[in-house]
Amino acid sequence: MVDQADLLERARQRDPQALATIYDTYAHKIYAYIYRHVGDSHRAEDLTGVVFLKMLEALDRDKFARDALQSWLYRIAYNVIVDDSRYNKRRPTSSLHEGIAMPPESHPEHLVGQRLQSETLRKAIDQLTDDQRDVILLRFGEGMTAPQVAAILGKTEEAVRALQRRGLANLRKILSPTLVQ
């Protein structure tokens, strides 16, 4: 395990190995978080690149993380997603490329069922408020704790827990007709 304080200090000194370690450690997590928001792998890749570009720009402005590197990176990702959604007023759509990389051993019926469940869940999550969606994706999609989510979103732990409760209740209402079928 890498010492976070040492890693942060080396990164502030622009140590290429430290910056590479940060990228290698967090890029796939940031990508997954962004993908859950935008639903398009190519756009998620681009936005992940933007997050790490902003990380490097923060070095030049002496605004690099002082501690809690993971929360700081997720906060940048959150802001990148918000900025992107302002410029792209459309809702996320499935990319034609998403279904291309199917494992050959899977049955098409199973894959179609999984895809429909995934799309149903994505559409249900899209019906939540922005705050509820952010909390649900960070808590369950990224497996973060309430304190971590609170730090990323700039909210109190109590607010995060309340948003989680309301978001899950709303998902239950939205999905209940689907689950009965």
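Residue numbers run from 1 in the order of the sequence given. No experiment lies behind these values; they were computed from the predicted model shown.
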Under the side chain to side chain contact (heavy atoms under 4.5 Å, CB included) rule, what do Asp15 and Leu7 come out as? Steps first, then yes or no, please.
CA-CA 9 Å; Asp15 175 6; Leu7 182 64; over 6 Å; no
As a quick check of understanding, evaluate side chain to side chain contact (heavy atoms under 4.5 Å, CB included) for Ile81 and Asp134, giving each step before the final call.
CA-CA 10 Å; Ile81 292 166; Asp134 292 335; 6.0 Å; no
Could you walk me through whether Asp84 and His37 pass the side chain to side chain contact (heavy atoms under 4.5 Å, CB included) test, one step at a time?
CA-CA 11 Å; Asp84 180 68; His37 271 277; over 6 Å; no
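Of the listed residues (Gln132, Gln127, Arg133), just one forms a side-chain hydrogen bond (donor to acceptor under 3.5 Å, both in side chains) with Asn170, and that residue is Gln132.
Contact detail for Ser71 and Ile152: the closest heavy-atom pair is O-CG1, 3.5 Å. Leu128 approaches Gly167 most closely through the heavy-atom pair CD2-O, 3.6 Å. Here the closest non-hydrogen pair linking Leu59 and Ala11 is CD2-O, 3.4 Å.
For Arg166, there are no salt bridge (charged side-chain N to carboxylate O under 4.0 Å, His left out) partners, not counting sequence neighbours.
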Donor-acceptor contacts under 3.5 Å from residues 45-56 side chains, at least two apart:
unit_1	atom_1	unit_2	atom_2	d
Thr48	OG1	Ala44	O	2.7

Which atom pairs, donor and acceptor, lie under 3.5 Å between side-chain atoms of residues 141-150 and protein residues at least two apart or in another chain?
unit_1	atom_1	unit_2	atom_2	d
Glu142	OE1	Tyr74	OH	2.8
Glu142	OE2	Tyr33	N	3.1
Glu142	OE2	Arg36	NH1	2.3
Thr145	OG1	Gln148	N	3.3
Thr145	OG1	Gln148	OE1	3.3
Gln148	OE1	Thr145	N	2.8

Return all side-chain donor-acceptor pairs below 3.5 angstrom for residues 158-165, not counting sequence neighbours, or 'none' if the list is empty.
unit_1	atom_1	unit_2	atom_2	d
Arg161	NH1	Glu157	OE1	3.3
Gln164	OE1	Arg139	NE	2.8
Gln164	OE1	Arg139	NH2	3.4

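In this structure, CD1 on Ile136 lies 4.0 Å from CG on Leu168, to the nearest 0.5 angstrom. Residue Asp83 holds its CG atom at 6.5 Å from CG of Asn79, rounded to the nearest 0.5 Å. Expressed to the nearest 0.5 Å, how far CD1 of Ile34 lies from OG of Ser41 amounts to 12.5 Å. Interatomic distance, Ile22 CD1 to Phe64 CZ, rounded to the nearest 0.5 Å: 4.0 Å. Between Ile76 atom CD1 and Lys63 atom NZ the span is 12.5 Å, to the nearest 0.5 Å.
Applying the ring-ring contact (aromatic ring centres under 6.0 Å, His included) test to every pair with at least one member in residues 127-155, sequence neighbours left out, gives no pairs at all. For the salt bridge (charged side-chain N to carboxylate O under 4.0 Å, His left out) condition, no pair includes a residue of residues 24-34, sequence neighbours left out.
Atom OH of Tyr23 has 12 or fewer neighbouring heavy atoms from other residues, nucleotides or ligands inside a 6.0 Å radius.
A salt bridge does not link Asp126 to Lys123: none of the charged nitrogens lies less than 4.0 Å from a carboxylate oxygen.
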